Each structure stands twice: as structure tokens, then as C-alpha cells.
Asks: 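Structure below; questions to follow.
All figures in this text were calculated on a predicted structure; none of them were measured in a lab.
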Amino acid sequence: MAARYDRAITVFSPDGHLFQVEYAQEAVKKGSTAVGIRGLDIVVLGVERKSVAKLQEERTVRKICALDDHVCMAFAGLTADARIIINRARVECQSHKLTVEDPVTVEYITRYIASLKQRYTQSNGRRPFGISALIVGFDDDGSPRLYQTDPSGTYHSWKANVIGRNAKTVREFLEKNYTEEAIATDKEAIKLAIRALLEVVQSGGKNIELAIIRRNQPLQIFSAKDIESQVAEIEKEKEESEKKKKKSI
Amino acid sequence: MATFFGEVVAAPSRAGMDDDEEEAAAVEREETPEDREIRRELEKKREVHILWSSKLSASTGSFTDEQFPCSKFILAIGHNAVAFLSSFVLNSGCWEAVGSVKLWNEWCRTSNTTSVLPTDAFCLFYKLISDPTVFLCQCNCYVAEDQQFQWLEKVFGCMREEDLQVTILSTCPVTDYKTPESTLTLPSPFLKALKTKEFKETVSCPLLEQPNIVQGLPSAVLSYCQVWQIPAVLYQCYTDVIKLDTVTIEAFKPVLSSKNLKSLVKDMSKSTEILKKLVTTNEIHNNIYT
């Protein structure tokens, strides 16, 4: 049945599906995992770094990009589609600043990206964007925000979310472990993001990239050394809690 | 009958064709020598050749018609199943390569060497040194429909089928899985099994439900075993990733507890390492998704 309704994006199937949009969501699952956590005074984006070919410049493979000084995003899915969206969003951020003399709110730029994506689900001859994005930042009033968009053009605000490969596993981990204590401090929020990624990332800290935004501060990308030290701390805590469990038994 | 323009047209009759028409048709159907030559060459090109190494006949002793005794035959079809056997079975015992299949079709060409890269298309046979009746085949090349029967005849023709048990591992896209539930909620990858009538052992996963069918080489092997009353089981992994992927490969793990494979897996410590190596060589060059 699907075969007759998945060619043209503008056609609904008899049971109300837009197959191209659903297939675009499958393309998102092919990208590596990206997790976003909203803390009290911090927002954290952690991504699984893809292994680069030997002759490839590592710094040109980036999953976390700044859209403005106070907003950044991570994506999962088709790299080329992400590049187009990021460029459009960056231009929109500056255009907004010039026109209304205020930086964009996180919700505004998310809505812009989502509207852009939705337009491509209703035009003839164009396929949807094959990416989901996690957009984080602080609004002017100082509140931290985390939004997620998907290829259909919907967007929602989240306390914590995951996109990409193995998203289900990591989301289950977050549902269990995202508590008031887990995000009480900046450090704890960062640790939660790393712990979530370690659930699915092979070979540990080497393949994790982390970025944070603190209130009134620009985007900060963690160095590999910092991530390794965090991972070592987490593993130590895990060992200690396991020892405690064994003792209590 | 006369048409509107007055000409007479011969109407088709159920009385039978005229002799003239029959002759004309026969001339058309007749092949020229060139046609026959081309057809012969194409058939020759598409022949399946199995090259057994000399080690095989030496170690199994002399048997009539070059048939060797086989108690267990494990066949992996597709690169995920092949990688599963490489990481979990081939490394935890002593296996030697005893044969390879040389074939050509529009999708792939295999060579007749046993030293191949993991990224090549190949079909290799291995024998367990400690028990020469246990055979394993890794087939990650595409065997075309017209070549499957030849493959079956030549492979099973070399085996003595008394006490033979066959295990087949393969993968299939989850989009081909027919179920009343929504495919978005399916816990892919997942394993389903299909067995022949003679297979009496317990199966390590649920059986494949109707109206799902199995296609390609796995179904050819299973059908052959059903016809010749050989106990055989096929473990098909439905996955949403068509390339080499660790999650899909690990979905085959329940098969390790089956009677046929349990005794073959002794040392799983190096399996993660080998698996990682196999997957990273494949993954690095794909830049479309980030």
C-alpha cells in the first residue's frame, strides 16, 4: 500500500500518512546520537562523535553549531540538509537583531527552523529535510531553554531529549535519571549528559563531544581532556556505588 | 471479415493456425548459431564453481564421490550474519578455510582465493579442526536466483547428509516485515525463526508468523532441506539498518544458546574487539549522515 503513496510529498495516503515525512524521520535515525539537557543555570549538548577517516580533517566534522552568541544547536541526520538549515537560521538571527534590535529568543529561532521544515513538507517536488535538531540557549530573561524539531516541522520544549541512533535507549535512561538532584548544579547536569551518552557510545569518552551554555556566557566546547576527566570521575562513582551495593548485600 | 475501409483482414480463428503462419512463427523462434553461442557463453559465465582445498580431502580421509561427512553446517548469509560468525564463532575455536565459491552475476563477482578483505564479496567454507564434520559457510555475496540451485547442488552434493543439521543466519529489512502493529513500535532488530519438519530441537526465538515469507538464498537452502528431510533452522534478523551494524549483529546472540552452536563458542572475550574493528572499517567512509 505504501508504495503508491510515498513518491510525491504532497500526497496523503488513505490512512492519513505522509510517508516521505516518516521516511525522513528514518534518515534521522541514521545520524549519531545527540542529547540535550536543560539544567537550572546551564544547558548542555552532548553528541556522539563520528569516527573520521584517517586523512580527514577532524574539525570539519561538527555536530554542534552556534546559531548566535546565546543559542546553539546539535543535529542528527543528513549532513548537507543540516548545513542549509544552520545557514538560514544564522542569517535569521542576525536579521532579527538588526530589525528589532533584540537577540532572538530560543523559541523564535526554533519556530523559524520548524516553519522552514514544514514548508518543505507541503511543496511539490521538494523532499523534507532529513534532520532533527536540538536547540538550546538562554532567553533575555535568563531562562534556559531546550527545544527539539523534527522533519515534519513540529517543535516542542523539553527538559531533556535525545535524537539520532539509539535515541530510545538514551531516552529511557533520561526518564529514569533526570531528577531534581541530577540537575541541581551545573556539574551534575554535565555529568548526566555524559552518563546518558555512555549508555550507547562505544569506546567511551574518546567519542563524545560536549558543549555548554551558561547564563550570560558564550558557547563553551569542552576539550577532549576535560571530557576524559569527567568520564573517569563518572566511572569512579559507578565503581564506588557498586562496591556499596555489594557490601549491603 | 471486411473492415470499414473495405479491406479484408484475416480474423483469428479457433479452428487452428494456417500452415503459413505456423512456418513463419517457427522461423522466428529458431535460434541462430550466434544466439546459441551467446546463450552458452552466458550460462558458462554464470556457473557456480566451488573450489575445495586439498587440505579437505586429506583430513577427512577417502570417501566415495568426494563426499565428506558433515554433522553440522552453519551458514551465514549477508554481511551482518557473516560478521556475527566472525566475531563470536570463528575466533573462539580453531577453524581452517577449506573452500571458496567462485561466481559471477550482475551484482557481484567473487574470487577463488580464501584470503579476502572483510569488504570484499566472498563465499568461504571453514572446517573445525577439532571436529572435521563441522562446517561453516560465510556468504556475503549475492547469489542470483538462477544460480541458487547450482549453489545448493554443488554444496550439498559434497556433503554426506546422514545426521546433518543445518543452521542458517540471515538478515532482512524490517520494512519487509508484515504485521498488524505499526512498524514504528517494532523493537528492531529482532530475531524470527523458520524450521523444517525434521528439526525437532527448541528454537532460540519466536517463529516467523504468516504472511511473512523468506526470500533468496536462505529460502533456497531451507526449501532444499525440507525436500530432502534434513533438519534445518533459519534465524532471520529483521533490522532497520542495511549496512554493517553492531546492534544488528548482537541481535543474533540468542542463537549462541542453540544446541548446534553452543558447543562451538568457547571464548567470547575477543568478540567485542573483532566486532568493533569490522564495523569501523565499514563506517568511516560514509559522510552523508552525521
Asks: Does any backbone or side-chain atom of A/Ala27 lie under 4.5 Å from a heavy atom of chain B? Answer side chain, backbone, both or neither.
Replies: both
Asks: In this structure, are over 12 heavy atoms from other groups packed under 6.0 Å from B/Gln210 atom CD?
Replies: no
Asks: Looking at A/Leu78, A/Val47, A/Val28, which makes the most heavy-atom pairs under 4.5 Å with chain B?
Replies: A/Leu78
Asks: As an exercise, state the distance from OG1 of B/Thr290 to CD of A/Glu48, rounded to the nearest 0.5 Å.
Replies: 11.5 Å
Asks: Give, for atom CG of A/Asp81 and atom OH of B/Tyr289, the distance between the pair rounded to the nearest 0.5 Å.
Replies: 10.0 Å
Asks: Check whether any side-chain heavy atom of A/Asn166 sits under 4.5 Å from a side-chain heavy atom of B/Val247, and report yes or no.
Replies: yes
Asks: When you look at CD of A/Gln220, are more than 12 heavy atoms from neighbouring residues, nucleotides or ligands closer to it than 6.0 Å?
Replies: yes
Asks: Heavy-atom count check: over 12 atoms from other residues, nucleotides or ligands less than 6.0 Å from B/Lys178 NZ?
Replies: yes
Asks: Has B/Gln215 got more than 12 heavy atoms of other residues, nucleotides or ligands less than 6.0 Å from its CD?
Replies: no
